[in-house]
Amino acid sequence: MYDLGQFRKDLQQFDIQLTQQQENQFIRYFELLTEWNEVMNLTAITDFDDVLKKHFVDSLSLVRAWPQIRERSAAVIDIGTGAGFPGVPLKIAFPQIRLTLLDSLQKRIRFLNELSTELGLQDVELIHGRAEDYAAPSKKREQYDLCVSRAVANLSTLSELCLPYVKEGGYFISYKSEKIAEEAKAAEHAIFLLGGKIEGQKEFILPDSDIYRNLFMIQKVRSTPKRFPRKAGAPAKDPLK
């Protein structure tokens with residue numbers, strides 16, 4: 001038996017209450033994650049309580065920065081989703097969203113395909129590929145209300161990979177685990193070039209923990225110039241200044 005007492009208590013702090021079915025989906029998510037993790041590297045975090053806190057609660061903390069996700073059937077894309085964070089927890093808690101998960105590794109997409117089927121998730125699109133390639137006008141460019149990413153990269157690189165997917169008026173929200181004042185300052189011009197505007201950040205500690213979290217909020221205020229993103233690899237090797 002799994003003890004969800006702390007999980008429920010944590011989510012109360014975000015004003016999220018799950019149904020029995022949703023709780024069961026999170027439990028099954030944990031089981032599949034740890035099962036697949038034995039044959040492929042999905043996460044270094046495998047303890048049940050740690051997965052709940054550091055993956056599931058962390059993913060759902062987005063409501064602090066973008067509470068609109070509670071009501072809207074928003075189009076959401078998760079870039080570099082890995083094992084499905086933060087996109088899949090958001091989809092479980094807010095099933096009305098239309099979710100796209102993009103990752104460059106085919107084996108992760110295989111895992112996410114089985115996960116989506118097993119959990120009975122609807123309106124989930126899986127894309128195997130690089131963010132630079134699917135931002136083309138003929139593909140997924142400027143189709144999303146919200147882009148999220150927990151990928152580890154500097155804010156300038158992430159903005160070039162993510163902002164092209166966002167509609168004007170939409171948001172890119174980057175999950176960070178450290179204070180990023182200097183990184184944000186360095187990315188300001190890049191974000192401006194990409195059609196974005198830094199709206200602010202939500203800093204907090206995850207409930208009943210010492211885990212610092214920073215949700216960095218960028219609004220898309222005008223269309224991203226066609227030359228962005230640059231060819232595959234360029235945003236990471238040579239971040240926009």
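Worth saying up front: this structure is predicted, and the values here are computed from it rather than measured.
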Around atom [atom1] of [X], are there more than 12 heavy atoms from other residues, nucleotides or ligands closer than 6.0 Å?
X: K139; atom1: NZ; result: yes
X: E168; atom1: CD; result: yes
X: E182; atom1: CD; result: no
X: Q17; atom1: CD; result: no
X: Q122; atom1: CD; result: no
X: K241; atom1: NZ; result: yes

Side-chain touch [X]/[Y], heavy atoms, less than 4.5 angstrom:
X: L146; Y: L62; value: yes
X: V88; Y: D78; value: no
X: K220; Y: C162; value: no
X: V76; Y: K91; value: no
X: L240; Y: R230; value: yes
X: Q22; Y: I16; value: no
X: L102; Y: T81; value: no
X: K54; Y: F85; value: no

Ignoring hydrogens, what is the shortest heavy-atom contact between [X] and [Y]? Give both atom names and the distance.
X: A190; Y: S156; value: CB-OG, 3.4 Å
X: A93; Y: L60; value: CB-CD2, 3.6 Å
X: G233; Y: R130; value: N-NH2, 3.4 Å
X: W36; Y: L42; value: CB-CD1, 3.7 Å
X: F111; Y: L32; value: CE1-O, 3.7 Å
X: S159; Y: I191; value: OG-CG1, 3.5 Å

Just by distance, do the side chain of [X] and the backbone of [Y] share a donor-acceptor pair under 3.5 Å?
X: E160; Y: A234; result: no
X: Y175; Y: S59; result: yes
X: R98; Y: S73; result: yes
X: D145; Y: G170; result: no
X: Q96; Y: I69; result: yes
X: S149; Y: S174; result: no
X: E183; Y: L155; result: yes

Classify the ring geometry of F48 against Y2: parallel below 30°, tilted from 30° to 60°, perpendicular beyond 60°.
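Judged by the thresholds at 30° and 60°, the geometry between F48 and Y2 is tilted.
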Whether F26 and F56 hold their rings parallel, tilted or perpendicular, with breakpoints at 30° and 60°:
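Plane angle between 30° and 60°, so tilted.
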Distance in Å, L126 CG paired with R108 CZ, rounded so as to fall on 0.5 Å steps
13.5 Å
Going by the rule salt bridge (Lys or Arg N to Asp or Glu O under 4.0 Å), which residues pair with D58 if we only count those two or more places apart in sequence or in a different chain?
R150, R213
With sequence neighbours left out, what residues match E199 under salt bridge (Lys or Arg N to Asp or Glu O under 4.0 Å)?
none
Dump the intermediate steps for side chain to side chain donor-acceptor pair (under 3.5 Å) on Q6 and D208, then the final yes or no.
CA-CA 9 Å; Q6 183 63 49; D208 286 337; 2.8 Å; yes
With K140 as the cation and Y165 as the aromatic partner, state whether NZ or CZ is under 6.0 Å from the six-membered ring centre and within 45° of the axis.
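No, cation not above the ring by the 6.0 Å, 45° rule.
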Residue pair Q201, N214: steps toward the side chain to side chain donor-acceptor pair (under 3.5 Å) verdict:
CA-CA 7 Å; Q201 54 191 322; N214 187 340; 2.7 Å; yes
